[in-house]
Amino acid sequence: MAATQEEIVEGLAEIVNEIAGIPVEDVQLDKSFTDDLDVDSLSMVEVVVAAEERFDVKIPDEDVKNLKTVGDATDYILKHQA
Amino acid sequence: MAKIKPSKGAPYARILGVGGYRPTRVVPNEVILEKIDSSDEWIRSRSGIESRHWAGSEETVAAMSVEAAGKAIANAGIDASRVGAVVVSTVSHFAQTPAIATSIADQLGTEKAAAFDISAGCAGFGYGLTLAKGMVVEGSAEYVVVIGVERLSDLTDLEDRATAFLFGDGAGAVVVGPATEPAIGPTVWGSEGDKSDIIKQTVPWDRFHVGDVDELPLDSEGNIKFPAITQEGQAVFRWAVFEMAKVAQQALDAAGITSEDLDVFIPHQANVRIIDSMVKTLKLPEHVTVARDIRTTGNTSAASIPLAMERLLATGEAKSGDTALVIGFGAGLVYAATVVTLP
């Protein structure tokens, strides 16, 4: 069953916490991965790959650069999840 | 029909000796920062690199190779006259004809050993090792010298903040020879030419034809820029970590061992972040020693695995007889992974 927006944010928060050590409560829709959450370009790839597995979605390299905020990633997953 | 006599090789092959050469000039991050807007902290956090070696004018591809291979031959305890083939993997020797391997074979004191260059980027060591194993087992050479050598400082755009800090120079070599037990596992290798664009040379050499010079890129002072290696960082990172972890696992499976049996992991020294993520993805046990030679060597492409191997053995972090997983991956894209017994 497709994940809801709330479930996706929750999942992303757990992933970001695991990869970058950021507290889950800091991962909010309006937060920028690089500026607010200290997720650099390489960690972002790890976040994307973990999100692909968790939400059964494909996020190609050329789309990764458009995912600036947690909200961008959530919308992308909502739209593309299987 | 005439009957052709088959060649007769050794039952198995193994790495008998390793040697390395690192250029005398050590280049810390501060020198790189003279031309790019970055910081020591940024470079270390993105790559793990603190310093690298850059070759001087005397430290040519051939000179570095002869130094490294000479040490490997001495380490193997054989006479150079018994070397039947010299395989050189490099992308930074700037004359295609003749192959640099012939001059190296001569300078090493071999007796007319077969000698040739291969171009397999950062997988070059694994490609060369696979050829060498084949030659020893098939019988066309008793001992084979495999050299990975690069002067990547010559192919570095010092004004590109994404790659200026990344590359280093050096040579690493091994001697492969006969063994009574398997000591080089099956190679898992391949290429993905559909991704040939994600690591490449900025400008092909034929753009330097007279008449085309107006199309060549210029540096900040208006001089024509020499070609450099460029890459799409995120795409390379994803492929290197997640696809190459699968290849590494396949190499373990092909050798009939698990990560519990491993003593040492020597991945191509591309970036500490790639190495750390691979270790995590592969779930390598704590007891496995992981090569992180990149910190003070930079990314030396084909030279990185034998250089890291030589250093681990020299420092005592690894010992002769240890079981090591080696994996190279890079421009092509190409990759090669295998399990070896350390010399």
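Every chain is numbered from 1, with letters handed out A, B, ... down the list of sequences. Since this is a predicted model, take the numbers as computed values, not measurements.
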Do other residues, nucleotides or ligands put more than 12 heavy atoms under 6.0 Å from the CD atom of Glu25(A)? yes

From Asp276(B) atom CG to Glu46(A) atom CD, the distance as rounded to the nearest 0.5 Å: 9.0 Å

Which residue pairs satisfy the side chain to side chain donor-acceptor pair (under 3.5 Å) criterion with at least one member in residues 9-24 of chain A, sequence neighbours excluded? Glu14(A)-Arg54(A)

Identify the residues of residues 56-68 of chain A whose heavy atoms come closer than 4.5 Å to a heavy atom of chain B, ordered by number, or report 'none'. Ile59(A), Pro60(A), Asp61(A), Val64(A)

Option in Val45(A), Val49(A), Leu42(A) with maximal non-hydrogen atom pairs under 4.5 Å from chain B: Leu42(A)

More than 12 foreign heavy atoms under 6.0 Å from NZ of Lys195(B): is that the case here? yes

Would you name the heavy atoms of Ser41(A) and Gln234(B) that are closest together and state the gap between them? O-NE2, 3.0 Å

For chain A, find its close neighbours in residues 237-249 of chain B: heavy-atom separation under 4.5 Å, sorted by number, or none. Phe237(B), Arg238(B), Phe242(B)

Smallest separation among heavy atoms of Arg273(B) and Ser43(A), with atom names: NH2-OG, 2.9 Å

Contacts of Arg295(B) meeting side-chain contact (heavy atoms from CB on, under 4.5 Å) (sequence neighbours excluded), chain-then-number -> Glu50(B), Val272(B), Arg292(B)

